[in-house]
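Notes for the one structure printed next.
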Amino acid sequence: MRELPESGVGMVCLPGLEAFIEAAHDLIDVIEIEPQPLWFKSAAAGVPYAVNGAALAQLCADPHPKLVHGVGFPVGGSVAPEPDQVALFVDVIEALDASWASEHLSFSRVDGAGGVFNTGFLLPPLQSAHTVALAAANIRALSRQLPVPFAFETGVNYLRPVPGEMSDGAFFGAIAEEADCAILLDLHNLWCNERNGRQGVLAALDDMPLERVCEVHLAGGDYLDGYYLDAHSGLVPPELMQLAQAVLPRLPNVKALIFEIVPAYMPARDIAQGQLTAQLLDLRRLWDSRKKTLQVACAPRATGCPPAPCATALPSPVEWERALAARVLERDPDAPFAPIFDADNGVAVLRQLVAAVRSGTVVDSMTLSYRLIVLSLGEPAFLSLLRAFWKTRPPEPFATEEALNFAEFLRAQALPIPHLGEVLAFELASHQVRMYAQRKTVRFTCSPLPLLMALRHARMPDFADHGEFALTIEPQGR
């Protein structure tokens with residue numbers, strides 16, 4: 001950890017933040033890239049996944065030093081990442097010349113009775129000795145393939161602790177030691193855990209090898225049904241900033257302090273760019289004050305005792321993953337061990353978060369189709385269609401695949417909405433043109449431009465004309 005370059009204060013670089021990052025260049029030392037949104041399933045033979053070369057080139061051109069933070073194959077589960085995705089991860093790391101890379105200590109793929117499926121959200125693993133060994137093996141295997149050091153992110157967990165589980169801090173610490181890797185300390189995640197009834201932040205830190213922390217994340221959150229969420233929905237709360245001021249001097253090898261925010265929340269929360277600038281200034285003061293109060297030695301970790309045996313044996317990591325996914329996705333009501341989650345309100349929170357991600361993916365990917373359905377049948381009818389669709393298919397990690405599956409589902413419903421199939425075809429074709437840079441032609445039975453322009457302005461089209469029309473979509477720049 002000591003040999004990593006000191007990167008300083010930065011922020012996550014998501015679509016919609018580029019202009020601010022450029023304008024606040026002097027306040028930002030480093031940017032963190034989530035690579036999975038840059039790639040997509042490929043139609044080329046022998047190439048399962050491809051990267052959006054134009055988007056990657058724009059990031060490469062940014063003069064800031066860069067870190068890579070994966071969101072596609074977390075290291076806390078029993079299903080190994082796809083080798084082709086790992087290869088693309090390596091390509092992005094090398095293209096961006098990242099100093100180190102990180103991923104989440106969660107799981108998002110489950111090997112169920114019908115094969116491997118995606119959960120649609122990062123889910124917390126069981127905190128047991130078996131999972132420690134599994135996650136450490138995953139990290140060692142991934143690290144061997146990476147050209148840079150690897151760190152796992154300390155995860156958020158909305159579930160109540162299960163009797164016999166390791167504490168949050170002991171779990172993180174055991175994995176870091178066994179895998180011999182770095183830690184991305186997400187203080188907002190730990191703060192969420194504390195506020196939702198899990199181990200306190202300072203107690204968790206006492207159980208962790210803090211000399212392994214190379215990066216710290218800070219963010220703002222939101223509430224849902226009494227739970228405080230790691231939503232990245234605003235500025236860092238003052239209480240968390242005070243906590244960070246006490247924690248940072250305990251991290252002798254921390255190299256970066258990253259602020260996370262989802263840009264879509266800025267207009268919704270009336271967060272102006274000036275407030276983001278002030279936030280970065282606060283983080284820079286926090287970073288500078290750390291250097292003046294740095295503790296050379298970490299606080300001694302409590303050795304403690306292993307968790308006491310539970311009257312009911314803990315499930316294996318695989319059984320835990322299947323059971324939690326069964327309850328969150330409402331797929332397999334008879335899954336073994338699933339009843340242990342029935343009294344946990346955190347499952348309902350995870351279920352809502354998966355639903356929010358899936359519905360947001362469809363609406364963002366197929367905005368015109370969504371508007372045509374809502375204008376024709378109403379919002380409740382659209383939500384009913386979504387819920388019915390979710391029962392037929394598990395989530396897809398790629399937005400275009402989720403959109404394609406939903407389009408197939410809608411076509412099978414034979415909805416009484418004029419030109420819906422044509423609008424669906426247009427939006428799917430638009431995605432394909434952006435991904436593959438190849439022109440597509442879509443057939444219409446009405447004049448397409450008035451139809452599409454009305455939907456862009458959220459107005460019901462008049463469907464006045466009829467005939468045979470064709471609309472060709474060209475790749476950008478041609």
Side-chain angles (χ1 to χ4, degrees), residues 71-82 104-132 134-135 138 155-166 171 193 196-198 224-225 227 229-230 310-362 383-398 401-402 405-406 409:
V71 293
F73 44 86
V75 295
S78 61
V79 179
E82 296 177 73
H104 295 78
L105 187 64
S106 311
F107 70 92
S108 61
R109 300 172 75 214
V110 175
D111 190 357
V116 175
F117 62 90
N118 291 281
T119 62
F121 199 78
L122 296 171
L123 299 181
L126 176 69
Q127 296 182 177
S128 69
H130 290 299
T131 307
V132 169
L134 172 69
N138 290 341
V156 68
N157 193 339
Y158 302 118
L159 302 177
R160 64 178 66 168
V162 174
E165 269 194 302
M166 301 171 69
F171 181 62
N193 293 348
N196 293 327
R198 297 185 65 87
L224 176 64
D225 292 346
Y227 283 75
L229 303 184
D230 179 46
C310 187
T312 303
L314 290 172
S316 70
V318 172
E319 290 168 330
W320 172 274
E321 291 161 14
R322 291 175 177 174
L324 182 54
R327 284 298 183 259
V328 172
L329 299 181
E330 301 178 282
R331 283 176 55 89
D332 184 3
D334 300 321
F337 290 99
I340 67 176
F341 299 112
D342 288 345
D344 194 333
N345 293 332
V347 172
V349 170
L350 289 170
R351 192 175 296 143
Q352 291 184 71
L353 293 174
V354 171
V357 170
R358 296 195 76 178
S359 58
T361 296
V362 167
L383 295 177
S384 295
L385 287 167
L386 274 181
R387 287 190 288 267
F389 164 62
W390 294 338
K391 292 180 180 179
T392 69
R393 296 263 194 158
E396 286 285 350
F398 294 93
E401 297 299 312
E402 185 85 339
N405 290 341
F406 187 54
F409 171 82

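Evaluation of the side chain to side chain contact (heavy atoms under 4.5 Å, CB included) rule for Asn118 yields Arg109, Pro397 as partners, not counting sequence neighbours. Among residues two or more places apart in sequence or in another chain, the side-chain hydrogen bond (donor to acceptor under 3.5 Å, both in side chains) test is passed with Asp230 by His188, His232. Residues passing the side chain to side chain contact (heavy atoms under 4.5 Å, CB included) test with Glu330, sequence neighbours excluded: Arg351. In this structure Ala355 satisfies the side chain to side chain contact (heavy atoms under 4.5 Å, CB included) test together with Trp390, sequence neighbours excluded. For Ser108, there are no side-chain hydrogen bond (donor to acceptor under 3.5 Å, both in side chains) partners, not counting sequence neighbours. Taking the side chain to side chain contact (heavy atoms under 4.5 Å, CB included) definition, one finds that Asp342 meets it with Arg327, Pro339, sequence neighbours left out. With sequence neighbours left out, Phe117 forms a ring pair (Phe, Tyr, Trp, His ring centres under 6.0 Å) with no residue at all. Looking at residues two or more places apart in sequence or on another chain, you find a ring pair (Phe, Tyr, Trp, His ring centres under 6.0 Å) between Phe389 and Phe406, Phe409. With sequence neighbours excluded, no residue satisfies side-chain hydrogen bond (donor to acceptor under 3.5 Å, both in side chains) with Asp334. Residues satisfying the side-chain hydrogen bond (donor to acceptor under 3.5 Å, both in side chains) criterion with Glu402, sequence neighbours excluded, are Arg358. By the salt bridge (charged side-chain N to carboxylate O under 4.0 Å, His left out) test, Arg160 is found to be paired with no residue, residues two or more places apart in sequence or in another chain being considered.
At least one side-chain heavy atom of Val328 sits less than 4.5 Å from a side-chain heavy atom of Val347. Counting heavy atoms from C-beta on, the side chains of Leu126 and Leu314 come closer than 4.5 Å. Contact check for Thr131 versus Met166: no side-chain heavy atoms found under the 4.5 Å cut-off. Taking the side chain as every heavy atom from C-beta outward, Phe337 and Leu324 never approach each other to under 4.5 Å. For the pair Phe73/Val79, no side-chain contact is recorded, criterion being any heavy-atom separation below 4.5 Å from C-beta on. No side-chain heavy atom of Val110 sits under 4.5 Å from any side-chain heavy atom of Leu329. The side-chain heavy atoms of Leu229 and Leu353, taken from C-beta on, include a pair separated by under 4.5 Å. Looking only at side-chain heavy atoms (C-beta outward), Arg331 and Pro394 come within less than 4.5 Å of each other.
Between Asn193 and Gly155, the shortest heavy-atom distance links the atoms ND2-O, 3.2 Å. Considering all non-hydrogen atoms of both residues, Ala326 and Ala335 come closest at CB-CB, 3.8 Å. Between Asn138 and Gly77, the closest heavy-atom pair is ND2-O, 2.8 Å.
The side chain to side chain donor-acceptor pair (under 3.5 Å) pairs that include a residue from residues 314-326 are Ser78-Glu321, Ser316-Glu319, where partners are two or more places apart or lie in different chains.
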Criterion side-chain contact (heavy atoms from CB on, under 4.5 Å) on Thr119 and Leu350, from CA distance to verdict: CA-CA 10 Å; Thr119 62; Leu350 289 170; over 6 Å; no
Criterion side-chain contact (heavy atoms from CB on, under 4.5 Å) on Val75 and His104, from CA distance to verdict: CA-CA 6 Å; Val75 295; His104 295 78; over 6 Å; no
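Listed for the Tyr227 side chain is a donor-acceptor partner under 3.5 Å among the backbone atoms of Gly346.
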